[in-house]
Amino acid sequence: MRIAFGNDHAGFDQKAELVEYLKSLGHEVTDYGTDSSDRVDYPDYAFKVGEAVAAGDQDFGILVCGTGIGMSIAANKVRGIRAANVTMPDVAPFARAHNNANVLTLSARYVDVDTNKLIIKKFLETEFEGGRHEGRVNKINALDEERR
Ligand code: RB5
């Protein structure tokens with residue numbers, strides 16, 4: 001799959017290993033920055049990745065910051081984005097199966113890199129279940145349309 005990857009300075013520590021991991025799973029990764037630990041503003045990267053996914057240029061986005069929270073708040077401002085902040089592997093499949101999340105946000109300061117790899121794997125290998133979840137996700141999507 002085509003994966004848009006973005007991070008801020010706090011996420012930079014895990015970036016190289018996570019990008020390599022994604023490639024080892026056979027994904028095509030596009031790096032939207034940042035490329036150093038110099039302080040930056042996470043919304044800049046969340047918006048770039050979110051817009052690439054919303055435009056259909058990328059299949060999924062992965063964003064890493066200190067907690068994953070700022071990235072998820074910012075990415076969810078992009079129309080068409082359903083970003084999920086996941087810090088526990090067991091929860092990762094639900095972000096896809098129930099919420100049809102198209103962006104995954106991760107914490108580099110509170111979750112170790114191996115746990116984040118597992119979260120990524122479980123997220124990307126899970127399909128949206130549809131069914132009773134479809135109507136709920138459609139209600140979220142409808143808000144995007146109303147506010148255009
Ligand atoms: C940066 O210090 C930190 O605020 C950021 O990485 C992120 O955790 C925000 O939610």
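Just follow the structure's listing: the first ligand is 1, and inside any ligand the first atom is 1.
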- Task: Ignoring hydrogens and angles, state whether a donor on the side chain of Tyr21 or Gln14 is under 3.5 Å from an acceptor on the partner side chain.
- Result: no
- Is the number of heavy atoms from other residues, nucleotides or ligands within 6.0 Å of CZ (Phe128) greater than 12? yes
- Across all chains, not counting sequence neighbours, the ring pair (Phe, Tyr, Trp, His ring centres under 6.0 Å) partners of His27 are none
Any protein N or O within less than 3.5 Å of an N or O in ligand 1? List each pair with its distance, or say none.
{"from": "ligand 1", "atom 1": "2 (O)", "to": "Arg109", "atom 2": "NH1", "distance (Å)": "3.3"}
{"from": "ligand 1", "atom 1": "6 (O)", "to": "Asp8", "atom 2": "OD2", "distance (Å)": "2.6"}
{"from": "ligand 1", "atom 1": "6 (O)", "to": "Gly66", "atom 2": "N", "distance (Å)": "2.8"}
{"from": "ligand 1", "atom 1": "8 (O)", "to": "Gly66", "atom 2": "N", "distance (Å)": "3.2"}
{"from": "ligand 1", "atom 1": "8 (O)", "to": "Thr67", "atom 2": "N", "distance (Å)": "3.0"}
{"from": "ligand 1", "atom 1": "8 (O)", "to": "Thr67", "atom 2": "OG1", "distance (Å)": "3.2"}
{"from": "ligand 1", "atom 1": "10 (O)", "to": "Thr67", "atom 2": "OG1", "distance (Å)": "3.3"}
{"from": "ligand 1", "atom 1": "10 (O)", "to": "Gly70", "atom 2": "N", "distance (Å)": "2.8"}

- Query: Of Lys48, Glu51, Gln58, which meets side-chain hydrogen bond (donor to acceptor under 3.5 Å, both in side chains) against Tyr32?
  - Reply: Gln58
- Which word best sums up how the rings of Phe60 and Phe123 line up, parallel for under 30°, tilted for 30 to 60°, or perpendicular for over 60°? perpendicular
- Item | Flag for Arg82-Asn141: side-chain donor and acceptor within less than 3.5 Å | yes
